Amino acid sequence: MTQLEFFSSDFGQPKPEGSSAPIEPKIVSRGEPLFDPNNFGGAGFTSNTNPDDLVEGLNPQQRAAVEYRGPALLIVAGAGSGKTRVLTHRIAHLLAKREAWPSQILAITFTNKAAAEMRERVRHLLGQGADGMWIKTFHSACVMILRRESERLGHDANFTIYDSGDSRAIFKRLIKEMGADIHKLTPAGVAAVISNAKNELNDADGFARNMDASDPVQRMIAEIFSRYQAELRRNNAFDFDDLIGETVFLFRNHPDIAAQYQRKFRHILVDEYQDTNHAQYALIRELTMSIDPSLAEHYPDLVDPRTGALPEPASLTVVGDSDQSIYAFRGADIRNISEFEKDFVGAKTILLEQNYRSTQNILSAANAVIANNFDRPNKNLWTDSGDGEKIVGFTGYSAHDEAQFIADEINRLHREGISYRDIAVMYRTNSQTRALEEIFIRAAMPYRVVGGTKFYERQEIKDAMAYLVAIANARDDLATRRILNVPKRGIGDATETQIANFAAQNDLSVRQALAHVSTIGFGPKINGAITQLSDLLNELEALVPTDTVESILRQVLDRTGYLETLRNSRDPQDEARVENLEELISVAKEFGRNNPEGRLPDFLNEVALVAAADEIDDESGTVSLMTLHTAKGLEYEAVFLTGIEEGLLPHKMSFITPGGMAEERRLFYVGITRARKRLYLSLALTRTTFGESDSSTPSRYLQEIPQHLIDWRESGARSQVSSFRYRESIAESQGYRDGSGSGYGGTPKEKTEWKSAVTSVRNNEGLQLEVGDRIRHADFGDGRVLTVMGEGPRQSAEIHFERVGTKRLLVKVAPIEKL
DNA sequence: CCGTGTTCTCTTTTT
DNA sequence: GAGAACACGG
């Protein structure tokens, strides 16, 4: 968001439609305008859309949800009931009826992608943009506020946002420093406790007050908490939880600031309300409070010049579905939605039950599953669009077997005319991607793993980002220390520690310490290296206000010699690293295109807050792989839910978590309801967790689905299994038996099997396949080539096998030979 | 100081 | 089975 957009605030309501130019009230706060009279939040907002058109084609409940006006509205929106439609129409309706200016609207979505989509849809409805609306995630909205109000909080506006990895690194060091590891404290464990505290708006002092002081572990955590917070402050950094919590504290400690936002936002809309935690709830509460009347005297701008009174509290619309609450582990409190009517007096509730997404068979399965959660208001999704196909069930013998079935089935769907992009494969844990990917690669299937955010976790990307952070926020010691010896400049652990100590003793940031390196007493070589780094950082920092991110990034990579080092390296991996850095440059370039005014800190904030679902490229022709959590809010023509096994879904960790079983069921429910037309439920009878292969049993949730809805496919694996068995016996006879008995009668040891097939360095580059060739495949047996597509390493072939049917294979890695 | 080899932990889900 | 942490030799 640009500065201009931020400032484009305004007051009161625009005049009703048909009247002439609206009043442009002048608001000045703290000597700085929160409102730019020359830019009326969506300059020239002159939509001629007829508001009545906006309720056209909606069902009675949806229509009511769009048209209702009042202090608080709860829209209980079952899966696929058109809630995004209702939300966007409601916003457009408010604007078209001129009941609100765009800048008076705050809409909170779950992901940036959803925010962008919502903005686009409102634009579409109004036939023009509605610039000035805040459509943001909780986190990005809070970043905006914290940056704008940074002076009052005493931090710099260009603060760093620490991700969980950064936080964990600090916890790790603190635990070590304090010898807290004797209490078996782990970074992840401490991070979880502190995160939970923050989600409850407990700060370090509050935590210390509330804890059991007789428990040494608690006291230790309290101390870590306090030191951690001190470190964040020193580094001018916030972690994810702070973004929300500090904003709440800001409002509570500065009622005048709060009043500005309470006045600015007249309509607040929150999506996925069932997954808000206490801090987020408190933030919404703050924003929807009445302005403290005593402020009117000192801040006359708060008063509506037309009425002479303070404005009413903002009206609040929340949309959610308690059956889709799946984030309890990060503090989501289902009571926020279940007790909404108690919380917000005079609230109106509207139920949306008609489903426009899925077939009745899919909905019946979903209804049946979720009905097993007690303590929920009865709800029944229905559609008038027919039963559709049956749900397909499949039991594989191994995760690879399951994956092969999915690959085959996707190819079939593709032949039927369903695009790859309309197909998603979902799973409970990220580790399940391995088997899927191994098979998909072999099957020449275009796919993309959504989330996992692998890209930003790569070494070279982390390095480059650390440079950018160190440049944008000189107080960030974490970032500065990370790049001290990147690329190698002969600064080792010992030197780094000395610099850090010097900084601590003199109350300097590490960056400042670098400037005084000569006083520390290193040799000339180290002094020279550090001075050079220090000068470079200073020079690049000076460019931040003027230069594009791309330019700064390029200079980092060039002037540090980082890129050159990689280019000169003989390690083949470094070639890929160069490519990744080029990718990062194009990310920066893209950012520059989308945000011509955007500077380095804006870029860093945006990157820090990308959500998994933001990465989905709707235009790409690839199958999407994602966790069930990431899938929330998305929908696909065909959905594969994988690993529907006890211990995986429900996950075994949930067995000991209170409410875990119900939450896992909701997760399953979310997965089922993502599907429009085709739903597949699959599982594997053996699964390898951490090397060892274990037998697994079907999930209890499967039995909750009326069996007549499921078409359990004859396991296509049968014939493969005989091949597995055959191969296994060969492996055994050759002495490969690894002794890891699976306990499952007659189950093949996929470890041995697939290892040989997948990891054997197979290179068929010279292999020329022609249509009609007969070939032999190590797993699938004999077959005949039907089609050959592509060239070189990407070449794939469709082959019809006598025993297992038609499969597509990536020629280069397929264990095949010509007959 | 740096690269390499070995042992150990780890897996729920995410902004 | 992978990545991090540690130990050791150059």
Side-chain angles (χ1 to χ4, degrees), chain A residues 108-114 136-143 161-165 167-169 172 176 181 186-189 191-192 195 198-199 238-245 272 275-277 279-280 325-332 426-435 438 450-453 457-459 485 487-496 523 525-526 529 571 605-614 626-632 643 647-657 660 663-664 666-668 670-671 687-693 751 754-755 758-759:
Chain A
I108 302 283
T109 59
F110 209 67
T111 63
N112 299 301
K113 182 166 182 271
K136 304 193 141 282
T137 64
F138 269 108
H139 288 90
S140 59
C142 287
V143 167
I161 299 167
Y162 280 177
D163 66 21
S164 353
S167 302
R168 228 174 304 128
K172 194 161 147 197
K176 206 166 167 186
D181 38 349
T186 62
S195 175
K198 288 184 175 184
N199 287 335
F238 292 106
D239 65 19
F240 285 136
D241 302 318
D242 282 343
L243 295 176
I244 316 285
E272 306 285 7
D275 280 321
T276 49
N277 60 33
Q280 292 164 334
S325 168
I326 54 172
Y327 280 103
F329 71 92
R330 68 176 198 205
M426 301 174 188
Y427 36 82
R428 177 68 235 267
T429 66
N430 283 306
S431 59
Q432 288 169 256
T433 52
R434 194 176 307 152
E438 280 168 8
V450 178
T453 54
E457 273 158 33
R458 290 171 201 272
Q459 191 60 51
N485 199 31
K488 304 246 176 304
R489 337 183 139 80
I491 300 168
D493 261 359
T495 311
E496 186 195 327
K525 206 171 147 207
I526 290 181
D571 186 343
N605 284 341
E606 185 171 303
V607 167
L609 296 178
V610 285
D614 296 344
M626 68 188 81
T627 65
L628 287 164
H629 283 89
T630 301
K632 188 174 77 152
L648 211 47
L649 187 73
H651 194 276
K652 55 173 173 279
M653 296 306 269
S654 73
F655 296 163
I656 50 163
T657 316
E663 172 125 338
E664 297 285 305
R666 288 193 292 270
L667 205 44
F668 188 41
V670 165
R687 199 165 284 276
T688 39
T689 343
F690 155 63
E692 209 85 341
S693 168
K751 195 176 164 187
W754 284 94
K755 196 174 174 183
V758 172
T759 62

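The model shown is predicted, which means the values in this text are computed figures rather than measured ones. Below, read A as the first sequence line, B as the second, and so on, with proteins coming before strands; counting in each chain starts at 1.
- Distances shown here put every side-chain N or O of T688(A) at or beyond 4.0 Å from the OP1 or OP2 atom of dG1(C).
- Among the atoms of the strands shown, only primed sugar atoms or phosphate atoms (P, OP1, OP2) are found under 4.0 Å from some heavy atom of T630(A).
- Using a 4.0 Å cut-off, some side-chain N or O of N430(A) falls inside it from OP1 or OP2 of dT14(B).
- Distance CD (E272(A)) to P (dT14(B)): 15 Å, rounded to an integer number of Å.
- In this structure, Y327(A) and F110(A) have tilted ring planes: the angle between them lies in the 30° to 60° band.
- Rounding to the nearest 0.5 Å gives a distance of 7.5 Å between CG of L628(A) and CZ of R428(A).
- Contacts of Y327(A) with the nucleic acid, taken as non-hydrogen atoms under 4.0 Å apart, involve only primed sugar atoms and P, OP1 or OP2.
- Side-chain proximity of F329(A) to the nucleotides dT14(B), dT12(B), dT15(B) is greatest for dT14(B).
- Rounded to whole Å, atom C1' of dT12(B) lies 13 Å from atom OH of Y427(A).
- Here the P atom of nucleotide dT13(B) and the CG atom of L648(A) are 10 Å apart, to the nearest Å.
- Stacking of the aromatic ring of F690(A) onto the base of dC10(B) is not found under the criterion of centres within 5.5 Å and planes under 30°.
- Regarding Q432(A), its CD atom lies at a distance of 13 Å from the P atom of dT12(B), rounded to whole Å.
- Each of Q459(A) and R434(A) lies near DNA chain C, and the nucleotide nearest R434(A) is the one positioned closer to the 5' end.
- Residues G490(A) and N485(A) come closest through the heavy atom pair N-OD1, 3.3 Å.
- Two residues, H651(A) and D241(A), neighbour DNA chain B, and the one matched to the more 5' nucleotide by heavy-atom proximity is H651(A).
- For the atom pair NZ (K632(A)) and CG (D275(A)), the distance works out to 3.5 Å, reported to the nearest 0.5 Å.
- When rounded to the nearest whole Å, the span between CZ of R330(A) and P of dT15(B) equals 6 Å.
- For the pair R168(A) CZ and dT9(B) P, the computed distance is 17 Å after rounding to whole Å.
- Among the protein residues, T111(A) comes within range of no part of the nucleic acid, since none of its heavy atoms lies under 4.0 Å from any strand.
- Residue-level contact check: A494(A) touches the backbone only, with heavy atoms under 4.0 Å from sugar-phosphate atoms and none from bases.
- Note: CG (D493(A)) to P (dC8(C)) measures 17 Å, nearest angstrom.
- Put simply, the residue from V607(A), D239(A), L609(A) that forms a side-chain contact (heavy atoms from CB on, under 4.5 Å) with I161(A) is L609(A).
- Here the side chain of M653(A) is nearest to one of dC10(B), dT12(B), dT11(B), namely dT12(B).
- As judged by a 4.0 angstrom heavy-atom cut-off over every strand, N485(A) is placed among residues touching the sugar-phosphate backbone only.
- I491(A) has its CD1 atom 9 Å from the P atom of dC1(B), to the nearest Å.
- Looking at the side chain of E664(A), the nearest of the listed nucleotides dT14(B), dT12(B), dT11(B) is dT12(B).
- In this structure, R330(A) CZ and D241(A) CG are separated by 9.5 Å, a value rounded to the nearest 0.5 Å.
- Taking only side-chain nitrogens and oxygens, S654(A) never comes nearer than 4.0 Å to OP1 or OP2 of dT12(B).
- Heavy-atom nearest nucleotides on DNA chain B were determined for I526(A) and for L609(A), and the one closer to the 5' end corresponds to I526(A).
- For H139(A), the listed nucleotide lying nearest its side chain is dT15(B); candidates were dT13(B), dT15(B), dC10(B).
- Using a 4.0 Å heavy-atom criterion, one finds that K488(A) contacts the sugar-phosphate atoms exclusively.
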